[in-house]
Amino acid sequence: MNINNNIALIGFMGTGKTTIGQRLANKLEWNFIDVDQQVVVQEGRSIANIFREEGESYFRSVEREVLNNTLNNSHQVIATGGGVVLLEENRTLLADNCLVIALTASVSEITKRLNNNTDRPLLQGDLEQSIRQRLREREGLYDFAQITIDTTDRDVFSITDKIVKIIQAK
Ligand code: S3P
């Protein structure tokens, strides 16, 4: 395993980046970094408040800065926010510094997982429609990952074990 000994999990909201990332980091005994969480800490306010008070482009600039700083370190599992791939600069940064793993799930599974969600400002109105539209806008943007894993109908444990096996074989 190399690429600076960092693993980045990318993927749409609700694909399990944080849950799987935490477990993977535990198993590898690496640090777990959640980019969204770092943004919240740095800003001292929730994601929803950042979007409401400053707008999306401000959020994206803080997200980019946090990602940049994170990549100065190694032996980390990094869970990114679903929209991190919108900036080409972030995609290049991730590809150059991490083993990038994309997590996917079906629209109905994502809808189910995000049903009680209150902190995802980009999903407004009808949840399933909103998810479909955002997925369309982002089509292809997660494809630069070296590995893609569908998390629909699979539990966190088996997905994590699968990732560990892939890494060990590298
Ligand atoms: C976003 C995803 C969220 C968070 C923000 C924007 C997106 O992260 O960064 O609400 O644009 O897809 P999760 O993917 O962890 O939900």
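Computed from heavy atoms alone, side chains included, the values below leave out hydrogens, waters and symmetry copies. Each ligand, and each atom within it, is numbered from 1 in the order the structure gives. Positions are given from 1 along the sequence.
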| query | Are Arg45 and Glu54 ion-paired here, with the side-chain N under 4.0 Å from a carboxylate O? | reply | yes

| Are Val41 and Ile47 connected in the hydrophobic side-chain network, where two residues link if heavy atoms are under 4.5 Å apart? |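 Hydrophobic grouping puts Val41 apart from Ile47.
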
| query | Hey, any chance Tyr58 and Val40 share a hydrophobic cluster, counting ILVMFWY side chains that come within less than 4.5 Å of each other, even indirectly? | reply | yes

| side chain to side chain donor-acceptor pair (under 3.5 Å): which pairs involve residues 11-22, sequence neighbours left out? |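 Qualifying pairs, neighbours excluded: Thr18-Asp34.
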
| Name the residues in contact with ligand 1, where contact means a heavy atom under 4.0 Å away: which are they? | Met13, Lys17, Asp36, Ile47, Phe59, Arg60, Gly81, Gly82, Gly83, Arg120, Pro121, Leu122, Arg138

| task | Please check if the side chain of Thr152 supplies one atom and the backbone of Ser106 the other of a donor-acceptor pair under 3.5 Å. | result |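 Confirmed, Thr152 side chain pairs with Ser106 backbone.
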
| request: Mind listing the closest non-hydrogen atom pair of Glu63 and Gly81 along with its distance? | output: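 Reported closest heavy-atom pair: OE2-CA, 4.0 Å.
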
